[in-house]
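Please read the structure below before turning to the comments.
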Amino acid sequence: MNYRLAYLSDTWVNWCPELGTVLANDEVVNGLSERGGHPVERKLMKQWSLRITAYAQRLLEGLDKVDWFESLKEMQRNWIGRSEGAGVYFKVDGYKDNLLVFTTRPDTLWGATFMVLAPEHELVEKITTPDRKDAVEKYVTWAKNRSERERMAEVKTVTGEFTGAYGINPVNGEKIPIWIADYVLAGYGTGAIMAVPAHDSRDFAFARHFDLPIIQVVAKDGEKPADPATWDESYDSKEGKMINSGFITGMDVKEAIKATIDFLEGKKIGHGTVNFRLRDAIFSRQRYWGEPFPIYYKNGMPYPLDEDELPLKLPKVDKYLPTEKGEPPLARAENWKTKEGYPLETNTMPGFAGSSGYYLRYMDPGNKDEYFSKEANEYWRDVDLYLGGDEHATGHLIYARFWNMFLFDMGLVCEEEPFKKLINQGKIQGRSNFVYRIEGTNKFVSFNLRKEHKTTRIHVDVNFVDNDILDTDAFKNGRPEYKDAEFILEDGKYICGWEVEKMSKSKHNVVNPDELMEQYGADTFRLYEMFLGPLENHKPWDTNGIEGVYRFIKKLWRLFFDENGNWIVTDEIPNNQELKVLHQTIKKIRNDIERFSFNTAVSQFMICVNELTDLKCHKKQVLENLTILISSYAPHIAEELWNRLGHNASVTYASFPEFKEEYVKENTFEYPVSFNGKMRFKLELPVDMPKDEVEKAALADERSGKYIGDKQVRKVIVVPKRIINIVY
RNA sequence: GCGGAUGUGGCGGAAUUGGUAGACGCGCCAGACUUAGGAUCUGGUGCCGCAAGGCGUGGGGGUUCGAGUCCCUUCAUCCGCACCA
């Protein structure tokens, strides 16, 4: 509050009386609450907000300094939505009032043929002429009551009303009509625009619909102006030269924008400005479980509690529900006031209050006196690696940055950006299966025959399905209403349809890991999840390959035990071949961990175990190192093996094996020999053989003659330890 | 519409720096062991072709001795945002 970052204001919210709470837009589905399906209404409420918009520019710039996925940064950039332009004042004809509009294209001022206000704009009532009053009021009421859903669905429909009033274009004194329409949003810019139908597609559609004039002011380079009446669409591009535009005529668009802003500023009728899409974050919740605000009210004005009265703890309430009057649950508490008897705030803070700064508390979790100490923060600084889903892009990840920036400005944290590197792991999706019920019957038709009937597609529990083939008995027993189900089969089987969707109970596509862990063990499950593909990929859960990983685990075990369960590890000294396999693995695993490539790491473990099996290697020295390497991938089996290898302490305390180049060194390299870029045969040569000798050896090889024939060799490329390419 | 990402065998995927495309696994085929196998092991498996050979990383073009990788262009899919002035 002291930094004007937290403030109280009347805010339009989605109020659900039944739940006694405000809902986010995405919690409202078709005018009903997502949970419970209760009606939701628009309501003006006094709510706390955080002025995140004050940090918009820095939040945007900071993105250049962090190592995040480009897609995620782009999401945040879009969300912040910076656009440069100008604020321009239009006089309202016959009134003293000025209408401030925001435009990204001040250069097109000469093409403005009308103005549009948002229906909620404060001047609408005042400037509407008596003869237009009825129509305008009707439109305003209609627009206000339109649900989110209707607005979305009817994007293409043009609606609006003329107010009867006129604005004066400040650059040429033209009188242009002022309209209202809900394609102009009250919450963006100034809620008022100048319409340039020739160069904005929405204005164009509006002008066409209401038969308003269209004036071209930008022409594509090298093209002559054309009669806008013949156009199919507006020319929105910023490329081109100005025409019909007073003193900026002939200028390039970019140059014209600058010149117009200078002109407006000189005349004090406008100014260059930057607009952001980002809105302040509403910080009040009408729930019990949230941090209470350390705020009390005196004569209706909010004041912060003294620091020595902190922390403020949640009071006891009889029910965690809103009061009958619709007040938040904290209003139920009996003594929810200060020592002096002033009432305390009854709203609580949202989830992001805690999630925005928990990483700071993690730096100093035992601190009884403060959030975290300066020393602890200077030691830990920031989060080196943040692994999380991209669904937090426009929520948590932006709030946390804002939170941290404020604390940085206060000198309380030493890094401006909280999360140095961020990786989005992909989500495991569900693979749903469907059966096709013939309408009005209890008969189900197999996938490829479904077109012959009128069917309804129904989700079927994926546990009844194997390789898209339905276990019809399990299906019949699954639910009473399907007990007498009949099936139309193809090739004696019932084939199900399928689709990849979000895992969800209602879609019956949830795979319970417990069952898989029961069958294969947690290590197999873990390894398989990693083996499935790159960390960041979203992918459907598919258990078809899990057997392979399970076999690998069993194979690993057999390096230590024979088929009768006898310990077969020996103390023999490993030979060069065995050491080579081990050290190749050490190198690869180390590398793969660093680049978060766990699927290729698992693959290397498989290669290693396969080779050690072929070599019949049961030597302690090798297996001990392998156990350490695999301990973070398959911790349970690793711990067991480590113990059997004679260690009492956990394998987690063992140090990562050291890679030694000497064991993987080769004396020879098998050169692929290419002719005109096509690999034809391989040739084994000493690694340190000089280039010209390699070339000679390749040309001398009898197989080369076959490809070269009697043609002239033009060039031979030798890249040591890589390739030989003979060009003819 | 704007922005981002991704396109490689039947499937999941590998190829980290422009240098042997398809590692590893699934599946499939053949075989061994077995009363049996949904256990285990061996061999094979990009496509066309008997073979020699040819073709092949969504399509088209380019740079290069050499392109999955770089450039241009085009198509498709997925994700995010969107009557944003």
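Residue numbers begin at 1 in each chain, while the letters A, B, ... track the order of the sequences. Reckoned from all heavy atoms, side chains included, excluding hydrogens, waters and symmetry mates.
Looking at A/H199 and A/V217, their side chains come closer than 4.5 Å, going by heavy atoms from C-beta outward.
For the P atom pair drawn from B/A14 and B/G25, the interatomic distance equals 15 Å after rounding to whole Å. A gap of 14 Å separates the P atoms of B/A67 and B/G61, to the nearest Å. A distance of about 14 Å separates the P atoms of B/C72 and B/A5, rounded to the whole Å. With C1' as the reference atom, B/C79 and B/C24 are 29 Å apart, rounded to whole Å. With both ends at atom P, the span from B/A23 to B/G12 equals 15 Å, rounded to whole Å. For the C1' atoms, the distance linking B/C47 with B/U42 amounts to 26 Å, nearest Å. Comparing B/G19 with B/U69, their C1' atoms are spaced 11 Å from each other, to the whole Å. Taking atom C1' on both B/U63 and B/C84, the two are 42 Å apart, rounded to the nearest angstrom.
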Exercise answer: donor-acceptor pairs, residues 671-688 of chain A side-chain atoms, under 3.5 Å, sequence neighbours excluded:
from	atom 1	to	atom 2	distance (Å)
A/Y671	OH	A/K721	N	3.0
A/N676	OD1	A/Y728	N	3.1
A/E684	OE2	A/T668	OG1	2.9

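Of the candidates B/U40, B/A85, B/G12, B/A85 carries the atom nearest the A/S83 side chain, counting heavy atoms from C-beta on. With B/A85, B/U42, B/U16 as the choices, the nucleotide that has an atom nearest any side-chain atom of A/D592 turns out to be B/U16. The side chain of A/I723 has B/G19 as its nearest neighbour among B/G19, B/G13, B/C41. Comparing B/C83, B/U17, B/U40 against the side chain of A/R722 picks out B/U17 as the nearest.
Sorted by first and then second residue, the salt bridge (charged side-chain N to carboxylate O under 4.0 Å, His left out) pairs with a member in residues 101-116 of chain A read A/R105-A/D107; sequence neighbours excluded. For the side chain to side chain donor-acceptor pair (under 3.5 Å) condition, the pairs that include at least one residue of residues 269-281 of chain A, sequence neighbours left out, are A/Y7-A/D280, A/T53-A/D280. Sequence neighbours left out, the pairs with a member in residues 74-86 of chain A that pass salt bridge (charged side-chain N to carboxylate O under 4.0 Å, His left out) are A/D64-A/R77, A/E70-A/R77, A/E74-A/R77, A/R82-A/E84. Listed by first and then second residue, the salt bridge (charged side-chain N to carboxylate O under 4.0 Å, His left out) pairs involving residues 528-552 of chain A amount to none (not counting sequence neighbours).
Looking at residues two or more places apart in sequence or on another chain, you find a ring pair (Phe, Tyr, Trp, His ring centres under 6.0 Å) between A/F419 and A/Y359, A/Y386. Applying the side chain to side chain donor-acceptor pair (under 3.5 Å) rule to A/Y188 yields the partners A/S83; only residues at least two apart in sequence or on another chain are considered. Under the side chain to side chain donor-acceptor pair (under 3.5 Å) criterion, A/K238 pairs with no residue, sequence neighbours left out. In this structure, the salt bridge (Lys or Arg N to Asp or Glu O under 4.0 Å) partners of A/E666, at least two apart in sequence or on a different chain, are A/K580.
Pair assignment for B/U40 gives B/A32, based on Watson-Crick or G-U wobble hydrogen-bonding distances that are each under 3.5 Å. Both distances falling under 3.5 Å, in either a Watson-Crick or a G-U wobble arrangement, place B/G53 opposite B/C48. Across all strands shown, B/C2 forms a Watson-Crick or G-U wobble pair with B/G80, both key distances being under 3.5 Å. Pair assignment for B/G25: B/C11, on the basis of Watson-Crick or G-U wobble contacts that are both within less than 3.5 Å.
Taking the syn range as angles within 90° of 0, the glycosidic angle of B/G9 is syn.
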Is there a side chain to side chain contact (heavy atoms under 4.5 Å, CB included) between A/E161 and A/V140? Walk through the geometry before answering.
CA-CA 9 Å; A/E161 282 293 341; A/V140 170; over 6 Å; no
Could you go step by step and tell me if A/Y520 and A/I553 meet the side chain to side chain contact (heavy atoms under 4.5 Å, CB included) rule?
CA-CA 10 Å; A/Y520 298 106; A/I553 289 277; over 6 Å; no
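In this structure, NZ in A/K73 is found 13.0 Å from CG in A/L397, a value given to the nearest 0.5 Å.
Within the 4.0 angstrom heavy-atom criterion, base atoms lie near A/V184. Counting non-hydrogen atoms under 4.0 angstrom, A/K427 reaches nothing in the nucleic acid. Nucleic acid contact for A/K554: sugar-phosphate only, since backbone atoms but no base atoms lie under 4.0 Å from a heavy atom of the residue. Within the nucleic acid shown, A/L532 comes within 4.0 Å of sugar-phosphate atoms alone, with no base atom in reach, counting heavy atoms only. If you check every strand for non-hydrogen atoms under 4.0 Å, A/V719 touches a base. Residue A/D203 is classed as having no contact, given no heavy-atom separation below 4.0 Å to the nucleic acid.
Along RNA chain B, the nucleotide nearest A/T103 and the nucleotide nearest A/P534 are compared for position; the residue whose nucleotide lies closer to the 5' end is A/P534. Toward the 5′ end of RNA chain B lies the nearest nucleotide of A/D614, the other residue of the pair A/D614 and A/R105 mapping further downstream.
A/R277 has a side-chain polar atom (N or O) that falls below the 4.0 Å cut-off from OP1 or OP2 of B/A82. Contact annotation: A/K539 side-chain N/O to B/G13 OP1/OP2 distance is under 4.0 Å. Remark: A/Y188 is in phosphate contact with B/A85, judged by side-chain N or O atoms under 4.0 Å from OP1 or OP2. Residue A/R202 has no polar side-chain atom (N or O) positioned under 4.0 Å from OP1 or OP2 of B/A82.
Between the P atom of B/A14 and the CG atom of A/N591 lies a distance of 15 Å, rounded to the nearest Å. In this structure, CZ of A/F598 is placed 14 Å from P of B/A14, rounded to the nearest angstrom. Per the geometry, CD1 belonging to A/I80 stands 14 Å off C1' belonging to B/G3, to the nearest Å. As rounded to whole Å, 14 Å separates atom C1' of B/G12 from atom CD of A/Q429. In this structure, A/R714 places its CZ atom 9 Å from P of B/C65, rounding to the nearest Å. Summarising the geometry, the separation between CH2 on A/W79 and P on B/G4 is reported as 19 Å, rounded to the nearest angstrom.
Taking the six-membered ring where tryptophan is involved, the planes of A/Y633 and A/F598 are perpendicular, since the angle between them exceeds 60° and thus also 30°.
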Restricting both atoms to N or O, compile the protein contacts to nucleotides 53-58 of chain B shorter than 3.5 Å, with distance only.
from	atom 1	to	atom 2	distance (Å)
B/G54	OP2	A/R680	NH1	3.2

Report each atom pair, protein N/O against N/O of nucleotides 21-30 of chain B, whose distance is under 3.5 angstrom.
from	atom 1	to	atom 2	distance (Å)
B/C24	O4'	A/S603	OG	3.2
B/G25	OP1	A/N610	ND2	3.1
B/C26	OP1	A/R551	NH1	2.4
B/C26	O2'	A/N544	O	3.0

Per-nucleotide protein contact along nucleotides 71-80 of chain B, 5' to 3', at a 4.0 Å heavy-atom cut-off (B base, S sugar-phosphate only, - neither), is ---------B
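Contact detail for A/F90 and A/N169: the closest heavy-atom pair is CE2-CA, 3.7 Å.
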